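A short write-up of the structure that comes next.
Owing to the predicted nature of the structure, the values given are computational and were not obtained by experimental measurement. Both ligands and their constituent atoms are indexed starting at 1 by order of listing.
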Amino acid sequence: MAQQTDLFKNLIAHCKEYGFIFQSSEVYDGLSAVYDYGPYGVELKNNIKSYWWSSMVQMHDNIVGIDAAIFMHPKTWKASGHVDAFNDPLIDNKDSKKRYRADVLIEEQMEKIEAKIDKEIEKARKRFGDGFDEAMYRTTNPRVMGYVEAFEAIRTRLAAAMTNGDMAELKQIIEDLEIADPESGSRNWTDVRQFNLMFSTQLGNIAGEEGKLYLRPETAQGIFVNFLNVQKTTRQKIPFGIAQIGKAFRNEIVARQFIFRMREFEQMEMQFFIRPGDQKHWYDYWKQARMKWHLALGTPQSKLRFHDHDNLAHYADAAVDVQFEFPFGFKELEGIHSRTDFDLGNHQELSGKKLQYFDPELQESYVPYVVETSIGVDRMFLAMMSNALVEEEVPGGEGSRAVLKLHPALAPVKCAILPLKRNEERIVKVAQDIFHKLKLSFNVQYDDTGSIGKLYRRQDAIGTPFCVTVDFDSLEDNTVTLRDRDTLQQERVHISQLEGIIRERVDMKQLFV
Ligand code: GAP
């Protein structure tokens, strides 16, 4: 655990040191849970968005994109259920004056029990060696069985309390488990109450409640209210999807873990409109398709898993998370939700405008059902960074290096061009010629600000898959040294081959085949 905490701290420090992520308004000591992306951060983020967008819009002739406004008519949020039901259970500690999510306090207690189970299993594995049967041990060892039983009892109570919106029961669980404020140790809690997560602001020319606007807490509603506009203008037939990437805002009570839980973040959402009754088929389809998308990036299967929701969001009849193993454990990276006709049906009712589709095959009109895939750009960014950052010894006694083994298609810079001697005009000229040629195709960098060793380390730290070194031999035979970030292998290649070799490795195309 301590090792994982260090890993996470290193990652945050790395993000700052190498220009990936800065705390927002840092000169004023920062704004909690709001972050700015630096020069390499924005490149990685754009590449993640581009991979998602291409896989949805370019790769499917029945998915189209939109870019809706952040502000929407206030009735949108009434119809969507966010005004009444987009709440988290809030609890204050009367002594420390700290505010917590009641469900998170309980979940953290459950994680402690899980850690105890893991510890027992590890101990037994060491004791019994190769013949250890974990499944059998879990169901026969009295101590482990006791922990599992305690865990399941809490899980069941928590799920029921959350589903029923039973705030008194949440408080009771906290009291029964004797949960203390993690910071002060105090058990002096207020009652649990619902806290709406939407940020609100005021429209310029209308006073009072009438002019109350919300910053969208999900991008999906911009898609729902445009459903017919898009369907009619693109003549799509069901099943079809609408994709969107954009900012969302949530007044999170507990905003920690760096960019994992932010108050301003970005989502990539796709609503897939289907015939009522087909939801199970499309839910399974998108579950598999989204897992494939993650695995194509080389993320190990062991770091990804599905997790069915215990308590469903107010709009869903089935929901699953794709969880990723972040440095602080398996957590939600993406959600796949079967939203039925909840949103379109409610918008139709509140607006009084028909939001129906005429199905030419069935010769009837209906409100389509929707299966949604929704992933946070920032969470995907964090997943990719934590999967990629490695501290390793360089062979040949050259010390250690921090290297970001990002998939080349996501890497912020694809190739660095480095002259062996910055004072040797002929070498500099060849290097700059290569830079000007390659920049037409990729994001490349020219760098002559240090020794080659130092320049390599810097490019490793930002995840550049290739470095090209121009030396005296280059002047004779038009070849350069091409260094591979991961294998550290160096090969001599002709300058005319560079573009082709780099393209083959960094092209997003390889992720789709
Ligand atoms: N339209 C459905 C929806 O918004 P969600 O599970 O609340 O569903 C979808 O959010 C995804 O958005 C999450 O899986 C996560 O990746 C991202 N997300 C949600 N809240 C976030 C936050 N406070 N900070 C960063 N990302 C967040």
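For Arg275 and Tyr366, the positive end is not near the middle of the six-membered ring at less than 6.0 Å and at most 45° from its axis.
Those atoms of ligand 1 that come under 4.0 Å of a heavy atom in Arg339, given as number and element, are 1 (N), 2 (C). Ligand-side atoms of ligand 1 in range of Glu372: 1 (N), 2 (C), range being under 4.0 angstrom from any heavy atom. Every atom of ligand 1 with a heavy atom of Glu218 under 4.0 Å away is listed here by number and element: 1 (N), 2 (C), 3 (C), 4 (O). Every atom of ligand 1 is numbered from 1 in the order shown, and the set under 4.0 Å from a heavy atom of His337 is 2 (C), 6 (O), 8 (O). Listed by number with element, the atoms of ligand 1 under 4.0 Å from a non-hydrogen atom of Glu269 are 1 (N), 2 (C), 3 (C), 4 (O). Using a 4.0 Å cut-off to heavy atoms of Glu334, the atoms of ligand 1 that qualify are 14 (O). Close contacts between ligand 1 and Gly335 involve ligand atoms 14 (O) [criterion: under 4.0 Å to a heavy atom].
Remark: minimum distance from atom 15 (C) of ligand 1 to any protein heavy atom is reached at Arg379 NH1, 3.5 Å. Among protein heavy atoms, atom 24 (N) of ligand 1 sits closest to Met262 N, 2.8 Å. If you check which protein heavy atom lies closest to atom 25 (C) of ligand 1, you get Phe260 O, 3.2 Å. Nearest protein heavy-atom contact of atom 6 (O) of ligand 1 is Glu332 OE2, 3.0 Å. Nearest protein neighbour of atom 20 (N) of ligand 1, counting heavy atoms only, is Arg250 NH1, 3.3 Å.
Glu349 has no carboxylate O lying under 4.0 Å from a charged side-chain N of Lys354, or vice versa, which leaves the two without a salt bridge.
Contact annotation: for Asp321 versus ligand 1, there are no heavy atoms closer than 4.0 Å. Heavy atoms of Arg263 found under 4.0 angstrom from ligand 1: none, in either backbone or side chain.
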Which pairs would a plain distance check flag for residues 257-264, meaning a side-chain donor or acceptor within less than 3.5 Å of a matching protein atom at least two apart in sequence or in another chain?
| residue | atom | partner | partner atom | Å |
| --- | --- | --- | --- | --- |
| Arg263 | NE | Glu252 | O | 3.1 |
| Arg263 | NH1 | Ser32 | O | 3.3 |
| Arg263 | NH1 | Ser32 | OG | 3.0 |
| Arg263 | NH2 | Glu252 | O | 2.8 |
| Glu264 | OE2 | Lys247 | NZ | 2.7 |

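Counting only non-hydrogen atoms, the option in Met268, Glu266, Gln267 that gets closest to atom 12 (O) of ligand 1 is Gln267. Relative to atom 9 (C) of ligand 1, the option among Gly376, Ser374, Pro217, Ser80 with the closest non-hydrogen atom is Ser374.
For the atom pair OG (Ser386) and CZ (Phe381), the distance works out to 10.5 Å, reported to the nearest 0.5 Å. Put simply, OG1 on Thr234 and CD1 on Ile242 are 7.0 Å apart, with the number rounded to the nearest 0.5 Å. From Phe195, atom CZ reaches atom CG of Asp92 across 10.0 Å, with rounding to the nearest 0.5 Å. To the nearest 0.5 angstrom, Arg458 atom CZ is 7.5 Å from Gln445 atom CD.
Within the structure, every pair that satisfies the salt bridge (Lys or Arg N to Asp or Glu O under 4.0 Å) test and touches residues 287-301, not counting sequence neighbours, is listed here: Arg290-Glu334.
Using a non-hydrogen distance threshold of 4.0 Å, Asp378 does not register as a contact of ligand 1.
With hydrogens and angles disregarded, no donor-acceptor distance shorter than 3.5 Å links the side chain of Arg101 to the backbone of Asp88.
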